[in-house]
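Written below as structure tokens is the structure these notes are about.
These numbers were taken from a predicted model, which means no experiment stands behind them. Quick note on labels: first sequence line is chain A, next is B, and so on, each numbered from 1.
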Amino acid sequence: MSPRERHYWLMKSEPDAFSIDDLKRKKQEAWDGVRNYQARNYMRDGMRVGDKVFFYHSNCAEPGIVGIATVATDAYPDPSQFDPRSKYFDPGSSRDNPRWLLVDVKFAKRLKRTITLKELQADAALDGMVLLRKGSRLSVQPVEAAHWEHILALE
DNA sequence: GCCAACGTTGGC
DNA sequence: GCCAACGTTGGC
């Protein structure tokens with residue numbers, strides 16, 4: 001792998017299911033359960049170990065960015081797709097040709113405060129951000145370097 | 001809980 | 001390949 005500019009990402013999680021505090025406690029976690037091809041492709045083809053990730057809380061009282069994680073592994077098959085008892089089981093996938101890949105993410109920091117979706121939406125400097133596009137539901141998405149820096153400065 | 005937006009599935 | 005039906009996401 002040749003050196004390259006650092007890439008930045010945003011990953012959504014419902015805090016009731018897995019929160020930034022859960023990641024802090026566990027230190028590192030396999031990002032399982034992604035069942036969207038575009039999100040998978042970002043993990044498989046875009047992410048490199050060391051890339052930085054905004055941890056976003058979705059589907060909760062105050063949606064927003066709550067912490068920072070780093071990509072800890074290359075992509076590998078999501079074990080939950082092979083487990084018939086898992087809600088993420090995919091009978092259409094096989095071990096020979098796994099459909100779903102994931103990366104591990106490692107806890108880096110919890111933000112002192114939540115940078116709320118509302119606040120991001122109101123910020124003209126973030127126009128065009130994937131998260132803010134109408135109807136955008138992508139749970140793993142790229143963040144432009146300029147947007148990353150701008151958001152960091154909001155904390 | 002509602003519902004708009006989106007992605008997937010499957011009949012044709 | 002089209003598209004209606006269905007399931008999911010996620011803000012509100």
Side-chain angles (χ1 to χ4, degrees), chain A residues 7-26 28-47 51-71 75-144 146-148 150-155:
Chain A
H7 287 192
Y8 300 99
W9 307 95
L10 181 146
M11 297 169 93
K12 298 178 184 174
S13 185
E14 302 191 11
D16 288 349
F18 190 77
S19 72
I20 186 68
D21 293 318
D22 293 326
L23 183 62
K24 182 176 185 178
R25 184 162 32 80
K26 300 185 75 171
Q28 185 167 323
E29 183 77 354
W31 203 265
D32 66 358
V34 169
R35 295 295 181 267
N36 170 284
Y37 288 104
Q38 201 176 351
R40 177 205 67 183
N41 293 348
Y42 282 130
M43 289 197 286
R44 184 188 63 189
D45 308 327
M47 288 186 172
D51 280 358
K52 299 196 169 195
V53 178
F54 280 139
F55 196 109
Y56 179 90
H57 279 175
S58 66
N59 208 5
C60 57
E62 193 177 51
I65 295 166
V66 294
I68 293 171
T70 58
V71 175
Y76 62 94
D78 180 343
S80 67
Q81 72 195 303
F82 307 124
D83 178 1
R85 291 158 305 174
S86 169
K87 65 175 171 175
Y88 300 125
F89 178 60
D90 183 351
S93 185
S94 69
R95 288 182 189 275
D96 287 347
N97 186 21
R99 184 176 288 172
W100 305 111
L101 302 185
L102 55 69
V103 299
D104 283 13
V105 299
K106 190 165 54 177
F107 178 82
K109 68 176 284 195
R110 201 192 195 302
L111 298 187
K112 293 193 267 301
R113 67 182 190 88
T114 299
I115 300 174
T116 64
L117 174 63
K118 182 180 283 190
E119 182 176 358
L120 299 173
Q121 286 167 332
D123 194 330
L126 300 176
D127 281 356
M129 200 178 163
V130 175
L131 179 74
L132 306 180
R133 288 184 197 153
K134 184 178 162 73
S136 173
R137 303 186 320 193
L138 201 56
S139 65
V140 177
Q141 55 179 259
V143 175
E144 293 173 23
H147 289 164
W148 177 276
H150 183 82
I151 291 168
L152 273 189
L154 296 176
E155 183 190 6

Practice prompt. Using side chain to side chain contact (heavy atoms under 4.5 Å, CB included) as the criterion, point out the one residue from Val66(A), Ile68(A), Leu154(A) that pairs with Leu111(A).
Written response: Ile68(A)

Practice prompt. Under 4.0 Å from any atom of DNA chain C, heavy atoms only: list the residues of residues 94-105 of chain A that qualify, in numerical order.
Written response: none

Practice prompt. Could you pick out which residue, Tyr37(A) or Lys134(A), lies toward the 5' side of DNA chain B when each is mapped onto its nearest nucleotide?
Written response: Lys134(A)

Worksheet item: Taking the side chain from Ser136(A) and the backbone from Val130(A), do they hold a donor-acceptor pair closer than 3.5 Å?
Response: yes

Discussion item. Evaluate Tyr8(A) against Phe54(A) for side chain to side chain contact (heavy atoms under 4.5 Å, CB included), listing each step before the verdict.
Written reply: CA-CA 8 Å; Tyr8(A) 300 99; Phe54(A) 280 139; over 6 Å; no

Discussion item. How would you summarise protein contacts on nucleotides 5-12 of chain C per nucleotide, using B for base, S for sugar-phosphate only and - for none, with heavy-atom distances below 4.0 Å?
Written reply: --BBBBBS

Worksheet item: Below 4.5 Å, heavy atoms only, C-beta onward: do Pro63(A) and His57(A) meet side chain to side chain?
Response: no

Worksheet item: Using rotation axes that map the C1' atoms of four end pairs onto the next four (five pairs an end), what angle separates the end axes of the helix from dG1(B)-dC12(C) to dC12(B)-dG1(C), to 10°?
Response: 10°

Worksheet item: Is there a side chain to side chain contact (heavy atoms under 4.5 Å, CB included) between Asn36(A) and Arg137(A) once you walk through the steps?
Response: CA-CA 10 Å; Asn36(A) 170 284; Arg137(A) 303 186 320 193; 5.9 Å; no

Item to complete: Name all pairs fulfilling the salt bridge (charged side-chain N to carboxylate O under 4.0 Å, His left out) condition that reach into residues 110-127 of chain A, sequence neighbours left out, sorted by first residue then second.
Response: Asp21(A)-Arg110(A), Lys112(A)-Glu155(A), Arg113(A)-Glu119(A)

Donor-acceptor contacts under 3.5 Å from residues 96-105 of chain A side chains, at least two apart:
{"residue": "Arg99(A)", "atom": "NH1", "partner": "Asp90(A)", "partner atom": "OD1", "Å": "3.4"}
{"residue": "Arg99(A)", "atom": "NH1", "partner": "Asp90(A)", "partner atom": "OD2", "Å": "3.0"}
{"residue": "Arg99(A)", "atom": "NH2", "partner": "Gly92(A)", "partner atom": "O", "Å": "3.1"}
{"residue": "Trp100(A)", "atom": "NE1", "partner": "Asp90(A)", "partner atom": "OD2", "Å": "2.8"}
{"residue": "Asp104(A)", "atom": "OD1", "partner": "Tyr76(A)", "partner atom": "OH", "Å": "2.5"}
{"residue": "Asp104(A)", "atom": "OD2", "partner": "Gln28(A)", "partner atom": "NE2", "Å": "3.1"}

Discussion item. Filter on salt bridge (charged side-chain N to carboxylate O under 4.0 Å, His left out), then keep only pairs touching residues 28-40 of chain A, sequence neighbours left out; what's left?
Written reply: Lys26(A)-Glu29(A), Arg35(A)-Asp78(A)

Worksheet item: Do the rings of Phe18(A) and Phe55(A) sit parallel, tilted or perpendicular, given the 30° and 60° boundaries?
Response: tilted

Worksheet item: Do the ring planes of His7(A) and Trp9(A) sit parallel (below 30°), tilted (30 to 60°) or perpendicular (above 60°)?
Response: tilted

